[in-house]
Amino acid sequence: MKVELQNLTKIFPSRNKKSGEEVIAVNNFTFTIPDGKLIGLLGPSGCGKSTTLYMISGLQKPSGGKIFFGDDDVTELAAENRGVGLVFQNYALYPHMTVKQNILFPLQNLKGADKLSKDEMLDRAYNAAKLVQIDELMDRKPSELSGGQQQRVAIARALVKMPKVLLLDEPLSNLDARLRLQTREEIRRIQKETGITTIFVTHDQEEAMSISDMIVVMKLGVVQQIGKPQEVYDDPTNLFVAKFLGTPPINVFEGEVKGEKLYIGDAAVLDVAGVDDQPVTVGIRPEGFVLDPDGPLTCNLNSVEVMGRDVSVVSTHAASVNPTVRSIIDADNQVATGATVRYSLKPHKVFLFSKADESRIYFGVKSDG
Ligand code: ADP
Ligand code: MG
């Protein structure tokens, strides 16, 4: 099921009568989610992810804009008639019911044409349980399950109604790191097997990048960029997106463009054809540094961390915005051990941003962008 958002907006009135400041939780969100895809909705806490999800589910009413499922306008449709499955961060299972009863529960209130026989209900419940691999646990109570298993029950309960759209709001936040990794792969598998259009909300960029067909990056209610994870990582539209994606995070420097050359400190570190003279903010991905004894960028070496396949070189530079500069170098390379380390830069891993509004300034081949 294709899901289309048209100028979707949610404004919450002020809770503080004196200040009168309303909150624009979601601001003019327009996007068509293709049928059968998994979309990662990503951004820091408070950026409007949950509000977007609740409007799609029908739990919250938009202040403006429209929502379509396929060709149907569902903006005014009640939540229970939208055919969405919703999974929250806290699994919210019924503690006094078994796993089986929890999964069956949404089916027992179906009415009219949707009403199912007892056997049909059991069939559906077992199929959903198999899909999330908890069919062996059907007679347990939630308290007898691990966090990961409880979240699987919650997902099975969302799937059992065969929803047209699956909405997951930070579903892995309560799990420990290992389970989080495992469960996110499970969610990806289930999504592929069922082909259900899925929106996965998270503040964890790595989580979103690893399982999404496309990601939507939000900030303060406003969509910043939409694209395939790798494309957004490789071609961020502004400083916020560049900083939000990537581990270790992008290195940020104060720089200046003079005569189509980028200066960091006194050193001309890169040719930046087509850019007017101006001070800029420079982002350099950790993998954008090349060890080079004659390289133009000289940093003060702090330490070298060996991480198996790669080494991470930690250094400092007077023009760095962050306390340290972190580069990722192939472990095959000999890392200098002196007081300084010198780099040349991979041009496609270096991004320039406007001092005025933090938007991207393209150079070289993309100077017309
Ligand atoms: P996220 O899920 O990305 O953390 P939310 O969608 O929950 O963000 O919230 C977006 C913004 O809307 C926040 O500033 C939040 O404080 C505000 N907000 C959310 N729900 C309400 C509400 N019921 N009343 C007033 N403000 C709200
Ligand atoms: Mg939220």
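Predicted model, so just to flag it, every value in this text is computed and none were measured. Counting starts at 1 for both ligands and their atoms, following the listed order.
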Tell me which protein heavy atom sits closest to atom 23 (N) of ligand 1, plus the residue, atom name and distance to 0.1 Å.
Phe12 CE2, 3.5 Å

To check your reading of the model: name the closest protein heavy atom to atom 4 (O) of ligand 1, its residue, and the distance in Å.
Gly46 N, 2.6 Å

Please identify which atoms of ligand 1 are closer than 4.0 Å to at least one heavy atom of Ser45.
4 (O)

Does the plane of the ring in Phe353 sit parallel, tilted or perpendicular to the ring in Phe351? Use 30° and 60° as the thresholds.
perpendicular

Applying side-chain contact (heavy atoms from CB on, under 4.5 Å) to Met218 and Thr52, what does each step give before you reach the verdict?
CA-CA 11 Å; Met218 291 181 81; Thr52 303; 3.9 Å; yes

Under 4.0 Å to a heavy atom of Cys47 - the qualifying atoms of ligand 1, by number:
1 (P), 3 (O), 8 (O)

Can we say Glu254 and Lys355 salt-bridge, meaning some charged N sits less than 4.0 Å from an Asp/Glu carboxylate O?
yes

Any N/O/S atom of Gln89 sitting less than 2.8 Å from the Mg ion (ligand 2), backbone or side chain?
no

Quick check: Gln60 and ligand 1, any N/O pair under 3.5 Å apart?
no

Give a yes or no on whether Lys192 atom NZ has more than 12 heavy-atom contacts from other residues, nucleotides or ligands under 6.0 Å away.
no

For atom 7 (O) of ligand 1, closest protein heavy-atom neighbour
Ser50 CB, 3.8 Å

Does the pair Arg189/Glu186 count as a salt bridge with the N-to-O cut at 4.0 Å?
yes

Can Lys346 and Glu287 be counted as an ion pair, charged N to O under 4.0 angstrom?
no

Can you tell which part of Thr51 has a heavy atom less than 4.0 Å from ligand 1: side chain, backbone, both or neither?
both

Determine, using heavy atoms of Gly48 and all atoms of ligand 1, whether some pair is separated by less than 4.0 Å.
yes

Please check if a non-hydrogen protein atom sits closer than 4.0 Å to atom 10 (C) of ligand 1.
yes

Among protein heavy atoms, which lies nearest atom 26 (N) of ligand 1, and at what distance?
Arg15 NH2, 3.3 Å

Treating Gln101 as the side-chain partner and Thr98 as the backbone partner, does any N or O pair qualify as donor plus acceptor under 3.5 Å?
yes

Lys228 and Asp213 ion-paired at < 4.0 Å
no

Please write down residue, atom name and distance for the protein heavy atom closest to atom 12 (O) of ligand 1.
Ala25 CB, 3.3 Å

